[in-house]
Amino acid sequence: MTTWPIFQPQDSADDLADHPYRVVVMAGSKGLNYPWLCPYCGQSASQCLLVEKVFRQAGSGDGVTCYQVEQAQVPYCDDCIAQHKHEQRLLTWTQRQIVSLDTGLTVSALGCSFMALLFLPVALRDIGRPGFPLPLVVVAFFALIAYSSLSGAWKQNAYRRVAPQTRITLAFDFSERYTPLFEAARCTITIRNPAFAESFVALNRQSLLHY
């Protein structure tokens, strides 16, 4: 039996990879400056990898757990990018549809699609006839709700399509933006390679809170 690659949610900065270099900055991961080095091996970087992570949010009053997807464009060298692609476990097209549509919004979309199809023959028959095209309006109404429901389901389950991290992407591991009581908002980062860590700190010294 094949095991699907399941997203790996993180709860706090304490869950970051245990690298020797730990940096706390005031900016979120999207507002940082990156050295053109590979955080895994320290060699010159060739391009950026889009790193996605899932963070578990505090449950609402109804006990439902929410998830937030954060992204960072991190430079890596060609060899490490190739290794990342070798290790990466992605969902197949079919699996992506299943995890994305596994929600109550899909039921609404199916119901509205059925109603649109039910009125479609009447609407097609009345096309070109004088008077207000009520059947066509009904079909368009249900079709619009069906589309909105499917779109909402896809966005709602975006976190379920995020692939687990690899050894390569974990070389630059970041937390979500968080705000301690009476302190500035911050982001914690752990880094594997010393050369990348030193250059990263130098580039982001104005935002640095702790190193």
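Heavy atoms only: backbone and side chains are in, while hydrogens, waters and symmetry mates are out. The structure presented is a predicted model; accordingly, all values stated were derived computationally and were not measured.
- Distance OH/Tyr159 to OG/Ser100: 10.5 Å, rounded to 0.5 Å.
- The cluster map of Ile, Leu, Val, Met, Phe, Trp and Tyr, joined by side-chain heavy atoms under 4.5 Å apart, puts Leu124 and Leu117 in the same cluster.
- In plain terms, the two heavy atoms of Val69 and Glu52 that are nearest each other are CG1-OE2, 4.2 Å.
- Residue Tyr211 holds its OH atom at 7.5 Å from CD1 of Ile191, rounded to the nearest 0.5 Å.
- With Trp154 as the aromatic partner, Arg161 meets the cation-pi criteria of under 6.0 angstrom to the ring centre and within 45 degrees of the ring axis.
- Ser108 and Ser149 make their closest contact through OG-OG, 3.2 Å (heavy atoms, listed as atom of the first residue, atom of the second, distance).
- The distance from the CG atom of Asp79 to the SG atom of Cys41 is 7.0 Å, given to the nearest 0.5 Å.
- To the nearest 0.5 Å, atoms CZ (Arg167) and OH (Tyr40) are separated by 4.0 Å.
- Inspection of the Tyr34 and Ser199 side chains reveals no N or O donor paired with an N or O acceptor under 3.5 Å.
- In the hydrophobic cluster analysis, where Ile, Leu, Val, Met, Phe, Trp and Tyr join through side-chain heavy atoms closer than 4.5 angstrom, Tyr21 is grouped apart from Trp36.
- Between the side chains of Thr103 and Gln156, at least one donor N or O lies within less than 3.5 Å of an accepting N or O.
- Of the candidates His19, Lys53, Arg192, Asp173 forms a side chain to side chain donor-acceptor pair (under 3.5 Å) with just one, namely Lys53.
- Among all heavy-atom pairs drawn from Val51 and Gln165, the shortest one is CG1-NE2, 4.1 Å.
- A side-chain donor-acceptor contact under 3.5 Å links Thr190 to the backbone of Ala17.
- Under the 3.5 Å distance criterion, the side-chain polar atoms of Asp11 are left unmatched by any main-chain donor or acceptor of Arg56.
- Within the 3.5 Å criterion, the main-chain N or O of Asn33 finds a donor-acceptor partner in the side chain of Asn204.
- No donor-acceptor pair closer than 3.5 Å links the side chain of Gln97 to the backbone N or O of Thr94.
- Judged by distance alone, the side chains of Glu176 and Gln10 never bring a donor and an acceptor atom under 3.5 Å apart.
- Distance CG/Leu209 to CD/Glu183: 8.5 Å, rounded to 0.5 Å.
- Taking all atoms of both residues into account, the shortest heavy-atom contact from Ala45 to Pro75 is CB-CB, 3.5 Å.
- In this structure a side-chain-to-backbone donor-acceptor pair under 3.5 Å is missing from Arg89 to Glu87.
- Between Gln95 and Leu90, the shortest heavy-atom contact is OE1-O, 4.4 Å.
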Practice prompt. Show your working on side chain to side chain contact (heavy atoms under 4.5 Å, CB included) between Leu16 and Thr188 and close with a plain yes or no.
Written response: CA-CA 8 Å; Leu16 294 173; Thr188 298; 3.5 Å; yes
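- Here the CG-OG1 distance, from Leu101 to Thr106, works out to 4.5 Å after rounding to the nearest 0.5 Å.
- When all heavy atoms of Ile145 and Cys112 are compared, the closest pair comes out as CG2-SG, 3.3 Å.
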Item to complete: Could you please spell out the steps behind the ring-ring contact (aromatic ring centres under 6.0 Å, His included) verdict for Tyr76 and Phe172?
Response: CA-CA 10 Å; Tyr76 282 92; Phe172 181 91; 8.3 Å; no
Discussion item. Applying side-chain hydrogen bond (donor to acceptor under 3.5 Å, both in side chains) to Gln57 and Gln68, what does each step give before you reach the verdict?
Written reply: CA-CA 7 Å; Gln57 308 285 300; Gln68 177 71 30; 5.3 Å; no
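- A donor-acceptor contact shorter than 3.5 Å links the side chain of Asn193 to the backbone of Phe196.
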Discussion item. Apply side chain to side chain contact (heavy atoms under 4.5 Å, CB included) to residues Ile81 and Gln47 and explain how you reach the verdict.
Written reply: CA-CA 9 Å; Ile81 290 174; Gln47 58 182 301; 3.1 Å; yes
